[in-house]
Amino acid sequence: MEIRKRISDIISRKRTINAWYALVIAFFIILVIVPTLFVLTYAVTGWGEIQGQIFEEPADPTYTQVRVIGNGSFVSLSAPSIMDITDPEHLELSVQTNNSIEVVYTIYAVDGNETDIYYSVNSTHTQNGSAWVNVSSNSTHNEITHVGDVFQNITVLDSNGTFLASWEGDLHLRAGNEKPWDIIMDSLKFSFTIAAIVTVIDFVAGLPMAWMMVRKEFRGKKYLDTLIDMPLAIPTAALGFSTALFWAVTPGVDAWGSLSLVSSPMLLVILLHIVFSYPYMVRSLSAILHEIDINYEVAAQTLGAPPLTVARTITLPLFRAGLVTGIILCFARSLSETGGTMAALAMLTPYLSELAFPMDTGPTLIGAWKHAGGFEPQLAFTAMLLVILSLVLLVIVKIVIMRFKMPLRKVFPGPERLLSKGIFPKMKDWGALIFMVIILIIPSFFIISYVFTGDPVPVDWSAFWSAMGYSFLVAGVATVINLIFGVPLAIYIIRGKNHILTNILDVLVNVPLIVPTSALGISLGMFWGSMNVGWAIILVISSHLAFTFPLVVRNVAGALEELDPTYEETARTLGAKPMFVFRKVMYPSIKFSILAGAIMAFTRSLGETGATLSVVKSANTVPVYIVDLVKDGSYYPAALACLVLIIITFITMMIMGYIAKKEA
Amino acid sequence: MPEIELRNISKRFGKVTAAAGINLKIKSGEYVTVLGPSGCGKTTLVKILSGIWEPTEGDCFIDGKKVTGIPTYERDLGYIFQNIALFPHMTVWQNANYAPIVKDWDMEKAEKETTESLELVRALQRKGFKPFELSGGEKQKVGIARALCAGSKLLILDEPLSALDARVRLDLRYEIKRLVKRKGLTAIHVTHDQEEAMSTSDRIVLMRAGRIVEVDTPENLYNRPKNLFTANFIGEANFIEGSVANNVKSAGSEPLTCLSDESVIETRHRHRLVIKNPGGAFKVGDGVVIMVRPENLSISHREKDFSLEGRILDKIFMGSYMRYRVKLITDDTVLVEVPEADDKIFNIGDKVNVKFRPKKLLVYPQPSEGLKEVLRLE
Amino acid sequence: MPEILMKGLTKKFGGLTAIDSLDLHVKDGEYLTILGPTGAGKTTLLRLIAGLTAQDSGEISVNGKPLGSMPPEERQVAFLSQTYSLFPHMDVWKNTVFGPVARGWEKKKVDVIGREMLEMVHLYERKDAKPGELSGGMQQRNALARALCADAKILLLDEPLRALDARLRLDLRYELRKLVKDMGMTAIHVTHDQEEALTISDRIIMLKAGKIIQSGTPQEMFNRPVSPFIHHFIGEANFISGRMTGYNDGHGILTDELGTAYRTAGSQLEVGSKAVAGIKTEFTVLEKEDKQGVNTFSGIVERKLFLGRFTDFEVILKEGAIVHARLPSSVAHKFGEGDAVFVHYSPERLIVFPEPEKGLKSELEMV
């Protein structure tokens with residue numbers, strides 16, 4: 001008893017508390033903020049390389065000529081040192097011949113660990129024509145050529161299989177006819193276009209839904225509420241796979257109910273991104289709607305304004321803050337998403353043979369390059385751009401929305417009165433509902449249909465379970481550390497006395513939320529790499545720590561803001577020391593928010609692909625495992641893995657919820 | 001000019017009944033206050049009347065027209081809110097001008113109406129201000145101007161003064177009454193403050209637990225309440241329990257205040273009080289409750305007629321008068337209010353005689369659920 | 001035994017001075033009310049005493065011991081917010097014994113004192129109820145028991161009756177004072193309701209813009225206000241502006257712009273100086289005929305408002321001035337709206353003040 005009192009005395013001392021806060025803030029700065037933004041330093045330290053590899057025109061390829069004359073055939077093969085690829089299955093080697101020939105070649109993946117060998121099938125040619133080498137997959141390798149792969153050996157045979165000529169050397173494959181600069185720009189453009197479209201759709205479809213959730217009472221509202229959040233609990237890799245199964249044209253993959261409608265990569269990615277960003281939009285909008293005193297709307301109605309006019313002239317203008325949050329969250333989520341996009345695009349690839357090189361978003365490009373190895377300047381540069389652009393965008397969105405003037409003073413009594421009545425409001429509500437079911441819910445869970453109606457294939461479970469263990473370890477450790485440091489930081493941000501510092505921290509906390517996770521991963525990798533931290537798992541954990549940290553802090557800070565400080569003050573005047581006040585007064589009121597933060601952090605970590613892929617070259621988390629399976633075309637195992645992952649995630653959430661209820 | 005009728009209005013929220021079978025008629029140009037403790041259903045009533053909520057049962061009529069099902073924005077009324085609810089993103093002018101604009105009046109008429117309303121509440125010079133720049137009282141004045149601008153003859157005031165400081169409240173309630181009467185509006189005012197109700201209204205509707213207890217003018221409710229709850233809620237009152245001893249006419253019913261023979265009530269510990277207006281059908285032996293207002297009692301050191309002995313427990317300065325809390329020999333504690341001039345004469349602990357003037361006592365039958373339950377305020 | 005002494009207490013928020021070098025002595029067992037309009041610094045003062053806000057300068061001492069920057073938990077000062085801040089997740093019992101448990105007292109001792117305090121406020125049988133299930137009055141009693149249990153000697157009440165219904169307030173303010181007195185605590189009660197202040201306090205402090213402008217018993221505050229503001233804030237008053245034109249057997253003579261002379265209460269003002277005289281509406285008399293001759297003016301009853309015990313009259317005098325009078329309802333029936341009446345000011349009740357610096361109107365503003 002005596003010792004406990006002594007301890008409580010010591011930890012309640014002002015100096016101890018201040019030291020603790022200092023530690024927490026230091027943790028936040030050193031482990032979260034600095035690593036997240038560390039990539040920006042590369043602009044200084046790696047400028048030369050960036051310039052050399054990204055901005056400069058590529059050197060003209062030097063050609064090696066091989067000439068063979070004999071057996072009545074004439075072959076002239078000229079191989080450049082660098083080859084531009086616009087279609088991974090369609091490489092162009094200039095072969096001049098007067099006879100039918102066959103070309104055999106070997107391609108090494110650039111890291112040299114894995115050898116992918118593709119054999120050409122017969123290429124027949126007209127005399128004295130040019131030959132094309134068509135790269136197609138053999139039975140064991142499904143993979144197409146990648147930017148960065150190297151040709152090492154090309155042999156030309158005649159139609160009888162007689163050796164004609166061979167060439168040895170390094171022939172680097174380069175994407176399209178593009179410089180890295182163009183590749184990066186294309187992918188970023190793709191990313192930002194998608195994010196913008198997704199955000200607009202989210203807003204248009206999310207507003208009526210948020211309105212319904214906050215302002216209306218109806219049966220089943222509780223269930224609808226849960227339903228909206230469902231996609232958040234599903235790892236995005238699984239979502240991407242599931243959504244693609246539902247929407248995309250996927251020849252040879254059959255599932256009951258599959259629409260097979262979408263063949264455009266952009267449309268597919270948009271459909272996918274809506275699924276997981278829509279809940280963020282609805283949540284942000286409903287949060288702010290909750291805050292807007294309904295009496296403003298009622299007042300406007302008593303003054304003769306029909307509901308639509310009220311919404312436009314009263315609610316929307318009061319709404320801006322929520323709009324900013326919603327837009328930024330959606331935009332950032334879409335910009336950041338890696339695993340799901342990879343899985344979805346991979347599903348579409350077999351169908352896209354005659355299309356150009358598969359489109360990459362910023363994050364998938366980072367993932368691909370990181371996976372390929374090397375490319376350090378390109379990666380750093382892309383990550384840098386992503387970080388800067390997303391932060392700049394945050395500021396712009398905020399300014400634009402807060403400044404934007406709504407046409408308040410104009411009223412259109414006739415049309416607005418008409419649209420406020422009869423079937424229009426009903427259409428709006430049903431529209432929102434139908435949108436949610438078709439765009440969100442069915443695609444999210446479509447994988448179930450595939451698992452039950454697709455053709456079963458035996459699955460290697462040991463790889464899955466080891467990935468699962470890895471994922472849980474990472475998510476668990478990251479969540480626990482987040483709680484230890486995130487809760488005190490939230491308390492400091494809301495209750496701290498130094499308002500300048502708390503405001504700065506408040507803004508900084510959002511940074512890892514806005515920076516795309518793959519950029520964050522590159523940044524973190526560089527930071528810890530520069531510190532010589534060897535263990536991959538530590539890198540993975542620290543990256544997951546960084547992007548889930550804001551989730552815990554935001555949740556707890558939100559709850560604390562609501563909590564009337566007079567409770568704590570009253571407790572103090574009744575003789576309670578700060579630690580006692582926290583345990584007995586503050587904690588009981590915010591524990592659900594702590595739990596909510598923990599669940600969000602845990603599930604986000606479990607579902608994250610981008611950060612994992614970009615921080616280390618190969619980390620075997622479940623989403624990575626799933627993406628790999630999808631890329632390999634092993635759809636059925638991938639689907640089973642997804643389903644198990646979804647079930648485990650839900651069970652975990654339910655257990656955590658149950659524990660919380662029991663506590664209460 | 002609007003006439004209001006509520007016909008058999010009930011409102012239930014799940015198992016909770018907020019209003020049960022309310023019938024009420026309000027004449028054109030009348031200022032009616034709906035008064036009652038928190039949760040009595042008074043706000044429910046005006047929310048139903050204004051169409052913010054729909055009744056579970058019953059109908060509202062405005063000017064004889066059934067308005068059930070008609071949305072708020074088509075009901076043509078002005079509504080003043082407890083939390084004022086000025087649109088925070090608009091200036092004072094834009095707030096007041098809102099109704100004319102959404103009602104699509106022509107510019108000239110809208111300008112004129114808005115200017116007039118703001119002038120009426122003396123807020124025109126503040127027209128460029130945003131709500132956060134105004135004090136509480138000023139905000140509510142603009143709130144009133146905004147409601148007046150809607151051009152309606154029916155004004156609903158939903159606890160318009162509750163959010164304001166005590167002193168501001170006093171000033172504003174006169175302002176409101178003045179405006180309503182000047183513009184010839186029909187007003188329905190909801191409040192829990194009995195003094196506010198009395199000072200503003202032509203009639204008060206007293207509610208409790210979803211039902212109307214009594215409807216009457218302020219004077220009648222204060223001086224001749226028909227109900228014990230009314231007596232206690234509208235101004236403070238003393239209650240003494242007893243039973244009828246003799247001399248009561250066995251026949252006749254209401255009103256209680258009609259002059260009649262003297263009768264005698266026996267209180268606790270067998271003390272007696274004489275009553276001059278028993279009314280009602282009381283039989284000898286019936287349990288009754290006597291009600292008397294503190295200002296209708298007086299105290300004296302000497303023994304007088306119609307008085308009971310007691311000891312002063314407490315003495316409170318009330319400005320122009322003193323209030324004494326006296327424990328009677330009947331074990332009842334009563335409040336006695338006397339003009340301040342007598343300040344020094346009586347002190348705590350003094351033995352005094354409390355005089356009960358027979359004409360100022362009202363008698364009620366002993367309530368079956370017990371006096372305490374009937375008087376309960378929360 | 002607690003006695004609080006404040007010396008030169010100052011607190012600024014940015015450029016705003018909330019408390020301005022304030023000196024105050026609160027006696028042991030006193031029930032002190034701090035009265036003032038919104039923004040006067042009332043709540044800030046309570047927070048300074050409780051240690052929830054640190055003063056910029058000045059010192060607070062309890063029983064002669066300076067508190068310095070002592071944390072709130074060591075001050076034995078219980079702070080009760082408007083809503084009493086009963087912890088919503090704890091039942092009545094846990095709320096009550098919060099202080100002793102927080103201090104780590106022995107369980108036996110905690111049980112004894114908790115029970116004692118709850119019985120004192122008649123809440124022991126409700127000890128398992130959550131605060132949400134209690135009525136306003138019970139919550140108030142629970143909060144008091146909790147403060148006392150925590151060994152608090154000083155009670156700080158921040159508008160404790162504001163959240164209640166008007167009628168209930170009348171009953172509970174009596175009950176509140178009685179409990180505080182029975183418990184022998186020193187209480188500082190903040191309110192903006194002058195009637196509440198009058199009826200509940202031993203002494204009232206009038207605060208305006210962070211400064212004490214008057215301190216005294218309810219009688220003193222009501223009958224001998226030191227400024228027109230207080231005269232009008234504690235009870236309502238009618239005012240006349242003019243100049244002092246002389247003195248006559250203890251009475252002053254004030255002449256207004258129109259040349260009308262008023263007999264006023266005595267004052268120290270120099271003859272010729274600008275002055276304001278005010279009389280409470282309660283002491284403004286209405287008469288059917290001019291009996292007094294002095295300070296009597298004829299007018300018409302413009303409006304009559306029944307308040308229950310009192311009836312308020314608004315009379316428009318011949319010269320156009322508006323006068324308010326508050327009469328007991330028992331005599332109010334003599335005057336109806338539109339009646340010609342005489343308004344009489346008793347000279348003793350017509351208190352004279354020097355003309356306020358910024359004029360009468362701004363002096364009377366409630367902000």
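Lettering of chains follows the sequences in order, A, B, ..., and the numbering in each one begins at 1.
Note: A:Pro588 leads A:Pro588, A:Pro578, A:Pro565 in heavy-atom pairs under 4.5 Å with chain C. For the set C:Leu156, C:Val101, C:Leu80, the count of heavy-atom pairs under 4.5 angstrom toward chain A peaks at C:Val101. Ranked by heavy-atom pairs shorter than 4.5 Å toward chain A, the options C:Arg75, C:Glu74, C:Arg146 are led by C:Arg146.
Taking a 6.0 Å sphere around NZ of C:Lys178, one finds it holds 12 or fewer heavy atoms contributed by other residues, nucleotides or ligands. The 12-atom threshold is not exceeded at OH of A:Tyr223, counting heavy atoms of other residues, nucleotides or ligands nearer than 6.0 Å. Within 6.0 Å of the NZ atom in C:Lys181, the count of heavy atoms belonging to other residues, nucleotides or ligands exceeds 12. By the neighbour-count criterion of 12 heavy atoms within 6.0 Å, atom NZ of A:Lys216 is densely surrounded, having more than that number from other residues, nucleotides or ligands. Around CD of C:Glu106, the count of heavy atoms belonging to other residues, nucleotides or ligands within 6.0 Å does not exceed 12.
Side-chain rings of C:Phe98 and A:Phe580 approach one another, their centers coming within less than 6.0 Å.
Although no hydrogens or angles enter the test, the distance criterion places a donor-acceptor pair under 3.5 Å between the side chain of A:Thr573 and the main chain of C:Phe79.
In this structure, A:Lys584 and C:Met90 have side chains that are in contact, with non-hydrogen atoms separated by less than 4.5 Å. Side-chain contact between C:Arg103 and A:Lys577 is absent, with no heavy atoms from C-beta onward closer than 4.5 Å. Taking the side chain as every heavy atom from C-beta outward, A:Ser589 and C:Phe87 never approach each other to under 4.5 Å.
Between A:Thr570 atom OG1 and C:Leu52 atom CG the span is 8.0 Å, to the nearest 0.5 Å. Taken from NZ in A:Lys497 to OG1 in C:Thr53, the straight-line distance is 7.5 Å, to the nearest 0.5 Å. Taking OG of C:Ser81 as the reference point, atom CG of A:Asp564 lies at 6.5 Å (rounded to 0.5 Å).
In this structure, the portion of C:Leu86 lying under 4.5 Å from any heavy atom of chain A is its backbone and not its side chain. Residue contact with chain A, scored on non-hydrogen atoms closer than 4.5 Å, involves the side chain of C:Arg47 exclusively.
Pairing each heavy atom of A:Gly575 with each of C:Ala102, the nearest pair is O-CB, 4.0 Å.
In summary, A:Arg572 and C:Glu73 engage in a salt bridge, as defined by a charged side-chain N under 4.0 Å from a carboxylate O.
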